[in-house]
S.K.: 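A single structure is presented below for examination.
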Amino acid sequence: MVDDMTTTTTTTTTTTPMSDANEKEQFEIQEQQLLNGGVMKTAAEQGDFDLLKLYIEAKSISPDQQDMFGDTALHGAVAKGRLSIVEYLLKKKANPNILNKVGSTPLHKSVTIQQGIIPAHQHYQIIEILLKNGADPTIKNMAGLIPEQMTNTTRIKEILQGDEAVTIQVSVVKTSHGKVIGKGGKNLKDLRELTNTQITVPEPKTTNKNITIKGRKEDVEKARAMILELVTPKEEEITEEEKKEQEEIEVLNCKSIPKEKHKLIIGTGGKTIKHLRNEFNVKIEIPQSDNPDSTISITGKVPDIMAAMKYINESVLKKPLNNNQNNNNNNNNNGNFRGNGNGNGNGNGNRERKEKSVSSAVKTN
């Protein structure tokens with residue numbers, strides 16, 4: 001009978017004095033490299049040309065030597081707005097797309113230069129030089145951001161987007177512009193951040209319905225889709241009556257009421273304007289007293305606008321208008337309504353009938 005035997009082989013690794021010495025030497029080399037990178041970055045930040053040249057030219061240290069944070073001299077020079085040093089490092093073939101330990105390139109650093117430490121034109125010039133030397137504006141850092149997403153400055157975004165930038169206009173009825181802006185501008189801010197676009201909504205008193213979107217093509221299309229989703233209710237949620245009401249909404253911009261009489265429309269503590277809004281179901285906007293513009297905007301359905309204007313002329317402004325004043329009011333109100341009425345897809349025929357209705361109301365006041 002033969003007993004089973006198990007053989008165990010143990011491998012023992014021995015550390016020789018020579019391997020210890022090699023590891024120590026490697027460690028010291030790495031430490032020295034990081035130290036070199038730190039010195040070069042600091043020299044670039046401080047604008048110390050002599051020290052930087054000593055390391056790159058005399059000591060033959062690579063301009064891409066990184067410090068303990070992964071930053072290079074180019075990261076440092078860009079961050080502090082050192083234009084001449086940026087130019088020097090790029091001539092020495094510094095890599096404009098090198099990543100630090102958080103994935104940021106010198107171009108990421110360029111958009112976060114502290115405002116005011118250099119003139120704006122010099123700031124833009126640094127970005128342009130980086131791009132000219134091959135900097136990629138589409139590289140994302142570890143937070144998933146490309147450089148232009150880290151700035152709100154329109155000009156910087158335009159430089160970074162270059163030929164990739166497109167501009168489109170989306171026609172949105174004036175009464176829905178508020179949905180795009182949101183309370184306190186929240187929706188508009190979120191749209192800009194989420195789509196990385198520049199979105200401009202026309203002033204409320206203008207007749208312009210077009211919302212302008214500017215950015216990279218794919219971002220602009222995304223913004224357009226999100227805006228249309230905001231302003232377009234689901235079909236099943238809209239009743240026929242609501243559709244009819246939406247189609248009848250108009251805006252009357254009235255310049256015929258003297259600036260000094262605006263306070264009569266507002267009333268003590270805003271009492272009169274609140275009554276007008278509630279009683280006639282209209283939205284009334286009056287310019288601030290220090291604003292030279294005298295235009296009063298009234299938004300609502302045409303019959304409500306007519307009734308509100310009649311009440312303002314007969315009851316609020318107190319003094320009855322003579323024939324000459326009536327003619328002036330007719331010219332102003334009729335002209336403004338024709339030029340500034342904003343419908344919701346009614347067509348020219350409906351628009352003309354509405355204008356005539358408002359004109360008639362004004363003439364009887």
S.K.: Atom NZ in K217, atom CD1 in I168: separation rounded to 0.5 Å?
M.R.: 10.5 Å
S.K.: Go through the steps for L83 and I118 under the test side chain to side chain contact (heavy atoms under 4.5 Å, CB included), then give the verdict.
M.R.: CA-CA 10 Å; L83 176 59; I118 58 172; over 6 Å; no
S.K.: Classify the ring geometry of Y88 against F49: parallel below 30°, tilted from 30° to 60°, perpendicular beyond 60°.
M.R.: perpendicular
S.K.: Using modelled atom types only, decide if a donor and an acceptor are shared between the side chain of Q65 and the backbone of S62 within a distance under 3.5 Å.
M.R.: no
S.K.: Mind checking whether I98 and I146 sit in one hydrophobic cluster, side chains of I, L, V, M, F, W, Y counted as touching below 4.5 Å?
M.R.: no
S.K.: What heavy-atom pair brings G269 and K274 nearest, and what distance separates the two atoms?
M.R.: O-NZ, 4.1 Å
S.K.: Going by heavy atoms in the side chains, are K174 and T206 under 4.5 Å from each other?
M.R.: yes
S.K.: Is it the case that one hydrophobic cluster holds both I159 and V166, taking links as side-chain heavy atoms less than 4.5 Å apart, direct or via other members?
M.R.: no
S.K.: Tell me every residue that passes side-chain hydrogen bond (donor to acceptor under 3.5 Å, both in side chains) with E128, counting only those two or more places apart in sequence or in another chain.
M.R.: none
S.K.: Give a yes or no on whether E260 atom CD has more than 12 heavy-atom contacts from other residues, nucleotides or ligands under 6.0 Å away.
M.R.: yes
S.K.: For the pair N97 (side chain) and G134 (backbone), establish whether a donor and an acceptor sit closer than 3.5 Å, ignoring hydrogens and angles.
M.R.: yes
S.K.: What is the ring orientation for Y311 with H275, classed by angle as parallel under 30°, tilted 30 to 60°, or perpendicular over 60°?
M.R.: tilted
S.K.: Could you check whether any side-chain N or O of K80 sits under 3.5 Å from a backbone N or O of I117, counting only pairs where one atom can act as donor and the other as acceptor?
M.R.: no
S.K.: Are there over 12 heavy-atom neighbours, none belonging to N152, within less than 6.0 Å of that residue's CG?
M.R.: no
S.K.: After noting the C-alpha distance and the side-chain angles of Q198 and E158, does the key distance pass the side chain to side chain contact (heavy atoms under 4.5 Å, CB included) rule?
M.R.: CA-CA 10 Å; Q198 302 162 60; E158 289 174 347; 4.3 Å; yes
S.K.: Could you go step by step and tell me if I284 and I296 meet the side chain to side chain contact (heavy atoms under 4.5 Å, CB included) rule?
M.R.: CA-CA 7 Å; I284 302 176; I296 295 176; 4.0 Å; yes
S.K.: Might you confirm whether atom NZ of K283 has over 12 heavy atoms from other residues, nucleotides or ligands at distances under 6.0 Å?
M.R.: no
S.K.: Tell me if a side-chain donor or acceptor on H177 pairs with a main-chain N or O of V172 at a distance below 3.5 Å.
M.R.: yes
S.K.: Looking only at heavy atoms, which two atoms of P106 and N95 are closest? And how far apart?
M.R.: CG-O, 4.3 Å
S.K.: Given side chains that start at C-beta, do those of P137 and L131 come closer than 4.5 Å, heavy atoms only?
M.R.: yes
S.K.: Can you tell me how far NE2 of H262 sits from CD1 of I286, rounded to the nearest 0.5 angstrom?
M.R.: 6.5 Å
S.K.: Under the rule for side-chain hydrogen bond (donor to acceptor under 3.5 Å, both in side chains), what residues qualify as partners of E218, not counting sequence neighbours?
M.R.: none
S.K.: Donor-acceptor pair, T195 side chain versus L191 backbone, under 3.5 Å?
M.R.: yes
S.K.: Kindly write out the residues that satisfy side-chain hydrogen bond (donor to acceptor under 3.5 Å, both in side chains) with N196, not counting sequence neighbours, or none if the list is empty.
M.R.: E148, K157
S.K.: Tell me if a side-chain donor or acceptor on K179 pairs with a main-chain N or O of N187 at a distance below 3.5 Å.
M.R.: no
S.K.: Has the side chain of K259 got a donor or acceptor atom that lies under 3.5 Å from a matching backbone atom of D293?
M.R.: yes
S.K.: Just how far is it from atom CD of Q115 to atom NE2 of H123, taken to the nearest 0.5 Å?
M.R.: 9.0 Å
S.K.: Please answer whether the main-chain N or O of T42 pairs with a side-chain N or O of D48 as donor and acceptor at a distance below 3.5 Å.
M.R.: no
S.K.: Does the side chain to side chain contact (heavy atoms under 4.5 Å, CB included) test come out yes or no for K214 and T200, once each step is laid out?
M.R.: CA-CA 9 Å; K214 186 173 183 179; T200 305; over 6 Å; no
S.K.: Just how far is it from atom CG of L130 to atom CD of E87, taken to the nearest 0.5 Å?
M.R.: 10.5 Å
S.K.: Please tell me if the side chains of L276 and I298 come closer than 4.5 Å, counting only heavy atoms from C-beta onward.
M.R.: no
S.K.: Can you give me the closest heavy-atom contact between K205 and S297, atom names plus distance?
M.R.: CG-OG, 3.5 Å
S.K.: Answer yes or no: does atom CD of Q114 have more than 12 heavy-atom neighbours from other residues, nucleotides or ligands under 6.0 Å?
M.R.: no
S.K.: Looking only at heavy atoms, which two atoms of A77 and L89 are closest? And how far apart?
M.R.: CB-CD1, 4.2 Å
S.K.: Indicate, with yes or no, if I129 and I156 share a hydrophobic cluster defined by side-chain heavy-atom contacts under 4.5 Å among Ile, Leu, Val, Met, Phe, Trp and Tyr.
M.R.: yes
S.K.: Looking only at heavy atoms, which two atoms of G215 and Q161 are closest? And how far apart?
M.R.: CA-OE1, 3.6 Å
S.K.: Do K109 and N100 come within less than 4.5 Å of each other through their side chains, counting heavy atoms only?
M.R.: yes
S.K.: Donor-acceptor pair, distance only, cut-off 3.5 Å: does the side chain of N36 make one with the backbone of Y55?
M.R.: no
S.K.: With a 4.5 Å cut-off on side-chain heavy-atom distances among I, L, V, M, F, W and Y, is there a chain of contacts connecting I113 to V102?
M.R.: no
S.K.: Restricting to non-hydrogen atoms, name the atom on A44 and the atom on A73 that form the minimum distance, rounded to 0.1 Å.
M.R.: CB-O, 3.2 Å
S.K.: Drop me the distance from K310's NZ to M306's CE, to the nearest 0.5 angstrom.
M.R.: 9.5 Å
S.K.: Test of understanding: clusters of I, L, V, M, F, W, Y form through side-chain heavy atoms closer than 4.5 Å, transitively. Do F69 and L74 belong to the same one?
M.R.: no
S.K.: When you compare the side chain of H108 with that of T112, does any pair of heavy atoms fall below 4.5 Å?
M.R.: no
S.K.: State, yes or no, whether a side-chain contact exists between I127 and L107 at a heavy-atom distance under 4.5 Å.
M.R.: yes
S.K.: Are I211 and P202 close enough that some pair of their side-chain heavy atoms sits under 4.5 Å apart?
M.R.: yes
S.K.: In Å and rounded to the nearest 0.5 Å, what is the CG to CG distance from L34 to D67?
M.R.: 7.5 Å
S.K.: Taking H75 for its side chain and Q66 for its backbone only, find out whether a donor-acceptor pair lies under 3.5 Å.
M.R.: no
S.K.: Does any part of the side chain of T105, heavy atoms only, come nearer than 4.5 Å to the side chain of L99, both counted from C-beta?
M.R.: yes
S.K.: Taking I227 as the fixed residue, which of I199, T232, V201 is the one that meets the side chain to side chain contact (heavy atoms under 4.5 Å, CB included) rule?
M.R.: I199
